[in-house]
2 protein chains.
Amino acid sequence: MASKKATIHDIAKELNITASTVSRALNNNPRISEATKKAVLGMAKDLNYQPNNLAAALRKGKSQLIGIIVPTINRSFFSSVIRGVEEVANKLNYRVIVSQSNEDVDNEIATLNALLNARVDGVLVSIGKNTDRFEHYKDLMERGIPLVLFDRTTNEVGTSQVVIDDYLGGYLATEHLIKQGCKKIVHFTNLKQVNIYKERYRGYLEALRDNDIPFDESLVYQSDMQLVDGRNCTEQLLASHKKFDAIFSASDYAAVGALQILKENGVKVPEDVALVGFSNEPFTSFTDPSLTTVSQFPIEMGQAAAESFFEILEAKKKKFIPQKTVLQPELIIRDSSLKSGK
Amino acid sequence: MASKKATIHDIAKELNITASTVSRALNNNPRISEATKKAVLGMAKDLNYQPNNLAAALRKGKSQLIGIIVPTINRSFFSSVIRGVEEVANKLNYRVIVSQSNEDVDNEIATLNALLNARVDGVLVSIGKNTDRFEHYKDLMERGIPLVLFDRTTNEVGTSQVVIDDYLGGYLATEHLIKQGCKKIVHFTNLKQVNIYKERYRGYLEALRDNDIPFDESLVYQSDMQLVDGRNCTEQLLASHKKFDAIFSASDYAAVGALQILKENGVKVPEDVALVGFSNEPFTSFTDPSLTTVSQFPIEMGQAAAESFFEILEAKKKKFIPQKTVLQPELIIRDSSLKSGK
DNA sequence: TTGTAGGCGTTATCAA
DNA sequence: TTGATAACGCCTACAA
């Protein structure tokens, strides 16, 4: 008896009641007797009833779907964030649709529209590196669709954000290197793009100042912060014959690139040069030496983003004041920065 | 003028035509004049019309949504597969919903039901390690809902599958080690669970036989194949004082664990022991030495899975014969297995 | 080529 | 506590 799917009408017919009653029974509506409720639930099971969320969504004007846009899903950090969102969302009977922008603004807009067409109830976004237009997000706000930005955010759109304290992360990393006795600390960063790097840089500067270490601008290298960029910057660094005893890279990928070049050139890590990355990508514990880095607690970030989303949803009718949730990062100390020996 | 969302009725009203005409214009129905079509498209743009896919889905009985279930999203391999699926799906105006089973059967069933409630048009699944029941998938088949299994599959459910030739992968890896002069090749595997490991093991055996290398069962170590398992197995291996000159680990994670223990014990890789992993996880190019491994072309696998899905969808009315798509793996040779020196 | 009418499955409103 | 009715936005026979 596969036949067709059972609907609330089928249940109603069997029980000689109406669909509205069935609907109420199924939705824990208080205006229903225990007896009929029990009967309905039993019949629902018998008929293997599966609610059609689509119909409910159409009627209610909400889909129980949350859209997430990330630059790329293929990155431990982002997939962990997604996982965090799912954990919270699933508990509240929401599902998650994921799309990638591939760091492209047009793609970001297209994918956003696709999500809207799928009638998501709201969108969580980590904006792409090159995104310089935000009209599509402002539109969203005007249309009253909940929007939460996480990790890579902007203040241009007046909505809730979830970030880690990148400033603190940069500070902790730099301070740690200073405590290891480092005085000439190179910094790899990318100040032209998203805020997160600027904040980490600010932490770096502040830690230097607090410890009376003179800032040397020539020790700051800017790039796209991929592995290959870390390699290139380190090669330039070595070729320049500048003195340095540490590198704080605002990206784990660039840090690994640095590690490779240093080793290839016989520079010992951490003995000659201490090294710290940022993000706690899984591979940082696999390198030799393992890489000191800063954990951003991606799962917690996802959870916080989801919670922010639901807060907006709750507050929809009242006026809502956008919140900025700031998570604390943690320095994960591994071998690449431990001068004190084993 | 934010007001409410425009519907086809709004467009119709503006143009003094009916909603059905608008619908036809919007859906490239041939029964429409070029003139009205142009007018409708123009007005749609003016009113910033966004189609309500929900309503269309309800009416048509299909949602343009594909559900994907993976053991964990936080794994380069799986997230790349998802990306591959997205590429194909998005082109055909389908969206993707992702869920994780976390390697748990009950979770797998729950998540499957959630996807069905979201009225996905079909499901792509990589089954969990511990999944030993398949009724929920058989149900799916009976209900005529397209199902495609990928990577971790089973033959218990008569549906299309997409896998790589794990046997060939195991063969290539082992053969490569033999060509490097290795004769005592340890194998890390997990034969109690999913097929993929059995196939890799079969490739290992066959390569040994083809090259007249005697098989020594005591060189096969079984575990859960995580990093820590690789460490444990390698410690046991060293403690046993067996002679060996290579390790072929059916998982990159276990291979990295092996690499760590070997180095900690002063065993040189590749000079003393050559090492090959499996999956081409990104970190395999970051280790020192970089890790020889087998690429499974996850993006291509995702694309193939999506294509299989659409084939089933197309053929829905006719009888459909399940297909097994087998992708060819590729050996990625890096430093960890190159005895011939730099 | 266009219009009419009905319904996809559910829920909200009103009345009983 | 339950029933009747309409509506969410769209698509599709069928009729014109």
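Every heavy atom of this structure was used, including side-chain atoms; hydrogens, water molecules and symmetry mates were not. In what follows, chains carry the letters A, B, and so on, assigned in the order in which the sequence lines appear, proteins first and then strands, with residues in each chain numbered from 1.
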field: Atom pair distance, as rounded to whole Å: CG in B:Asn29 and P in C:dT2
entry: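 Interatomic distance, CG of B:Asn29 to P of C:dT2: 11 Å.
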task: Take the protein atom CG of A:Asp10 and the nucleotide atom P of C:dG9, then report the distance between them rounded to whole Å.
output: 9 Å
Atom pairs and distances, side-chain donor-acceptor, residues 22-29 of chain B, under 3.5 Å, sequence neighbours left out:
| from | atom 1 | to | atom 2 | distance (Å) |
| --- | --- | --- | --- | --- |
| B:Ser23 | OG | B:Asn27 | ND2 | 3.4 |
| B:Asn27 | ND2 | B:Ser23 | O | 2.6 |
| B:Asn28 | OD1 | B:Lys37 | NZ | 3.1 |
| B:Asn29 | OD1 | B:Arg31 | N | 2.8 |

What does the list of N/O pairs under 3.5 Å between the protein and nucleotides 4-6 of chain C look like, with a distance for each?
| from | atom 1 | to | atom 2 | distance (Å) |
| --- | --- | --- | --- | --- |
| C:dT4 | O4 | B:Ser20 | OG | 3.2 |
| C:dG6 | N2 | B:Arg59 | NH1 | 2.5 |

- prompt: Starting at NZ of B:Lys60 and ending at C1' of D:dG9, how long is that distance when rounded to a whole Å?
  reply: 13 Å
- request: Classify the side-chain pair A:Asn195/A:Arg152 by whether it contains a donor and acceptor separated by less than 3.5 Å.
  value: no
query: What is the distance from NZ of B:Lys13 to C1' of C:dG3, rounded to the nearest Å?
result: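 Rounded to the whole Å, the gap is 17 Å.
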Overall bend - the helix from C:dT1-D:dA16 to C:dA16-D:dT1, comparing terminal axes fitted on five pairs, nearest 10 degrees: 40°
message: Just to be sure I understand the geometry, which residues of residues 31-41 of chain B put a non-hydrogen atom under 4.0 Å away from DNA chain C?
response: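 Those residues whose heavy atoms fall under 4.0 Å from DNA chain C, taken from residues 31-41 of chain B in numerical order, are B:Arg31, B:Ile32, B:Ser33, B:Thr36.
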A:Thr21: partners by side chain to side chain donor-acceptor pair (under 3.5 Å), with sequence neighbours left out: A:Thr18
query: Which pairs with one or both residues in residues 41-51 of chain A pass side-chain hydrogen bond (donor to acceptor under 3.5 Å, both in side chains), sequence neighbours excluded?
result: A:Gln50-B:Asn117
field: Interatomic distance where CG belongs to B:Leu15 and C1' belongs to C:dG3 [whole Å]
entry: 15 Å
field: Donor on one side chain, acceptor on other, A:Asn107 and A:Gln100, under 3.5 Å
entry: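 No - no donor-acceptor pair under 3.5 Å links their side chains.
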query: Where along residues 46-55 of chain B does a heavy atom come under 4.0 Å from DNA chain D, residue by residue in number order?
result: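 Those residues are B:Tyr49, B:Pro51, B:Asn52, B:Ala55.
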Euclidean distance, atom CD of residue B:Gln64 to atom P of D:dC10 [Å, nearest integer]: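 Computing the B:Gln64:CD to D:dC10:P distance gives 15 Å.
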query: What integer distance in Å separates A:Ile11:CD1 from C:dG9:P?
result: 13 Å
query: With A:Thr131, which residues qualify under side chain to side chain donor-acceptor pair (under 3.5 Å), at least two apart?
result: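 With sequence neighbours excluded, A:Thr131 shows a side chain to side chain donor-acceptor pair (under 3.5 Å) to A:Glu108, given in chain and number order.
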- line: Residues pairing under ring pair (Phe, Tyr, Trp, His ring centres under 6.0 Å) where one sits in residues 50-75 of chain A, two or more places apart or in two chains, turn out to be none
task: Mind listing the closest non-hydrogen atom pair of A:Ile145 and A:Leu116 along with its distance?
output: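 It is CD1-CD2, 3.8 Å.
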Validation: residues 63-76 of chain B side-chain donor-acceptor distances under 3.5 Å, sequence neighbours left out:
| from | atom 1 | to | atom 2 | distance (Å) |
| --- | --- | --- | --- | --- |
| B:Ser63 | OG | B:Leu65 | N | 3.3 |
| B:Ser63 | OG | B:Arg119 | O | 2.4 |
| B:Ser63 | OG | B:Asp121 | OD1 | 3.3 |
| B:Gln64 | OE1 | B:Lys62 | NZ | 3.4 |
| B:Gln64 | NE2 | B:Asn93 | O | 3.0 |
| B:Thr72 | OG1 | B:Asn74 | N | 3.0 |
| B:Asn74 | OD1 | A:Ser79 | OG | 3.3 |
| B:Asn74 | ND2 | A:Ser80 | OG | 3.1 |

message: If you apply the rule side-chain contact (heavy atoms from CB on, under 4.5 Å), what do you find for A:Glu87 with A:Arg83, and how did you get there?
response: CA-CA 6 Å; A:Glu87 280 177 17; A:Arg83 186 161 170 175; 4.2 Å; yes
- request: Please check if any side-chain donor atom of A:Ser308 sits under 3.5 Å from a side-chain acceptor atom of A:Ser160, or the reverse.
  value: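 No - no donor-acceptor pair under 3.5 Å links their side chains.
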- request: Mind checking ring pair (Phe, Tyr, Trp, His ring centres under 6.0 Å) for A:Phe310 and listing every partner two or more places apart, or none if nothing turns up?
  value: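 By the ring pair (Phe, Tyr, Trp, His ring centres under 6.0 Å) rule, A:Phe310 matches A:Tyr94.
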query: Expressed in angstrom and rounded to an integer, what is the separation of A:Leu58 atom CG from C:dT11 atom C1'?
result: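 About 10 Å, once rounded to whole Å.
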task: Report the residues that fulfil side chain to side chain donor-acceptor pair (under 3.5 Å) with A:Asp106, sequence neighbours left out, ordered by chain and then residue number.
output: A:Arg133
message: Looking at B:Gly128, is its backbone amide N or carbonyl O close enough to the side chain of B:Ser101 to form a donor-acceptor pair, meaning the two atoms are under 3.5 Å apart?
response: no
Below 4.0 Å: OP1/OP2 of D:dC10 and any side-chain N or O of B:Ser23: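 For D:dC10, OP1/OP2 do not have a side-chain N/O of B:Ser23 under 4.0 Å.
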